[in-house]
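Heads up, the thing below is written out as structure tokens.
Convention: sequence-line order gives letters A, B, ...; per-chain numbering from 1. The basis for the numbers below is simple: all heavy atoms, side chains too, and nothing from hydrogens, waters or symmetry mates.
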Protein chains: 2
Amino acid sequence: MAEDRRTYHHGDLRAALLRAAEEELQASGVEAFSLRQVARRAGVSHAAPTHHFGDARGLLTALAAEGFHRFLAAQSLREARADPAPAAQLTAAGLGYVDFAMERPALFRLMFGSDRPDFADPVLNEAATAAYRHLRDQVAEVGGDEVAAASVWAMAHGLADLLSNGRLRAILSLPEAARQDVLAALLERAFPGSG
Amino acid sequence: MAEDRRTYHHGDLRAALLRAAEEELQASGVEAFSLRQVARRAGVSHAAPTHHFGDARGLLTALAAEGFHRFLAAQSLREARADPAPAAQLTAAGLGYVDFAMERPALFRLMFGSDRPDFADPVLNEAATAAYRHLRDQVAEVGGDEVAAASVWAMAHGLADLLSNGRLRAILSLPEAARQDVLAALLERAFPGSG
DNA sequence: AGCGTTATCTTTACAGCGACAAGATTGTCG
DNA sequence: CGACAATCTTGTCGCTGTAAAGATAACGCT
């Protein structure tokens with residue numbers, strides 16, 4: 001972790017801090033996240049992050065924004081492997097939503113269950129909004145309005161949040177293939193026109 | 001807040017601390033929750049909570065357990081006012097789930113989105129399990145299995161979590177009556193046999 | 001009633017935290 | 001080459017949670 005460094009100036013401390021911050025987040029969770037620990041991980045003094053991110057909130061804000069990009073990437077990955085039909089694409093996106101939450105539970109919680117990032121920050125706001133736009137556009141493709149988008153979002157989010165917290169044992173205990181099928185079926189219940 | 005007290009012994013400090021802790025939770029959120037602040041609120045020294053709750057985690061654990069009781073109460077309140085048919089009762093419980101999250105967002109987050117309570121604690125575990133049993137029994141009444149329970153839970157939880165975080169503007173901007181109708185309709189999408 | 005024991009609460013102390021200010025070092029641009 | 005700005009370090013402050021030791025009150029037993 002603690003990158004060795006011979007020069008007084010780091011060179012690319014901003015990126016190194018983001019990496020260290022994600023490690024720290026994964027290791028300690030949002031609630032025990034420590035800025036000084038991040039600095040230690042990056043092999044730098046405790047006050048070094050100030051110039052790059054202002055304060056701890058600034059760092060967590062940047063991290064959350066990056067999280068939303070990866071969030072969309074996780075959905076894209078699923079979409080690329082799925083049938084191009086709009087409904088199948090929407091299902092894929094939902095599965096990507098769940099993938100992300102289970103693979104990066106701490107980051108997911110930072111993005112959806114924390115007050116520490118500054119969601120009014122333009123960069124973070126844009127990243128979060130882009131994620132919502134993606135969902136809304138996909139729902140529109142299958143003929144749904146904003147309320148339909150809320151339906152799909154709620155189901156995907158509920159599954160993701162509960163699963164990443166280790167609840168929903170009935171689903172977690174399923175073998176991998178069966179789990180995918182069940183998740184897809186549950187997600188599709190929330191689609192417009194399946195009520 | 002700071003209860004006046006003439007005696008050295010408080011008399012009912014445990015209950016007073018729980019009250020103060022909930023105020024503090026509501027005011028500051030889980031992430032900025034401070035044990036010393038709770039003690040100040042209760043008009044007592046910062047180390048007084050130790051004997052009653054051990055540490056901060058102990059206090060938050062007790063608070064979360066109490067939260068699960070109120071959580072069930074919020075659902076019961078809705079159920080009592082609803083049609084006694086099993087499906088209507090399940091819908092009512094879902095609406096109570098959402099009511100609770102919106103009325104007590106910080107407590108909701110403590111219960112479902114925090115690592116600070118000790119969920120292995122017998123008291124908290126029993127309270128949380130009771131809430132799950134209630135859901136599972138209601139789902140059984142309408143002919144659903146454990147996977148169906150996961151479906152209903154995920155939808156209710158997704159709506160509750162997103163709404164309590166101020167997302168889902170499409171639903172939040174609806175007038176009260178319309179919002180209730182939409183929420184009921186969305187919840188029922190997740191019921192067994194409506195796919 | 002009186003005395004010892006225990007429960008409850010306060011005081012004091014310590015390490016870790018985030019934020020700030022001041023100083024040290026380095027890169028940049030005139 | 002020299003001044004300036006950017007970057008990083010050191011030191012300090014008030015806050016936090018936890019632990020230990022002391023003060024006070026309630027309880028139980030004789």
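Rounded to whole Å, the distance from CD on Q37(A) to P on dT16(D) is 21 Å. Rounded to whole angstrom, the span from the CZ atom of F33(A) across to the C1' atom of dG16(C) amounts to 15 Å. Regarding R14(A), its CZ atom lies at a distance of 16 Å from the P atom of dA6(D), rounded to whole Å. Rounded to an integer number of Å, the gap from R116(A) CZ to dC17(C) C1' is 10 Å. Taking atom CG on L17(A) and atom P on dT9(D), their separation rounds to 10 Å, with Å as the unit. In this structure, E31(A) atom CD and dG17(D) atom P are separated by 13 Å, rounded to whole Å. Taking atom CZ of R36(A) as the reference point, atom C1' of dA15(C) lies 11 Å away to the nearest angstrom.
A perpendicular orientation is assigned to the rings of F108(B) and Y97(B), their planes being inclined by more than 60° (bins at 30° and 60°).
Minimum atom distance to the side chain of H52(B) is reached by dC9(C), of the listed dG18(C), dT9(D), dC9(C). Looking at the side chain of L35(A), the nearest of the listed nucleotides dC9(C), dC17(C), dG18(C) is dG18(C). Side-chain atoms of L13(B) lie closest to dC9(C) of the nucleotides dT9(D), dC9(C), dT16(D). Here the nucleotide nearest the side chain of S34(B), chosen from dT11(C), dC17(C), dT16(D), is dT16(D).
At a cut-off of 3.5 angstrom, the base of dG11(D) holds at least one donor-acceptor pair with the side chain of H46(A).
To the nearest 0.5 Å, the span separating CD on E66(B) from CE on M111(B) amounts to 10.5 Å. A distance of 13.0 Å separates CG of L17(B) from CD of E22(B), quoted to the nearest 0.5 Å.
Counting non-hydrogen atoms under 4.0 angstrom, A56(A) reaches the backbone sugars and phosphates but no base.
For the pair R104(B) and F71(B), the cation-pi criterion (under 6.0 Å, within 45° of the ring axis) is not fulfilled. A cation-pi arrangement, defined by a distance under 6.0 Å to the six-membered ring centre and an angle within 45 degrees of its axis, is present between R167(A) and F119(B).
Residue R40(A) has no polar side-chain atom (N or O) positioned under 4.0 Å from OP1 or OP2 of dG16(C).
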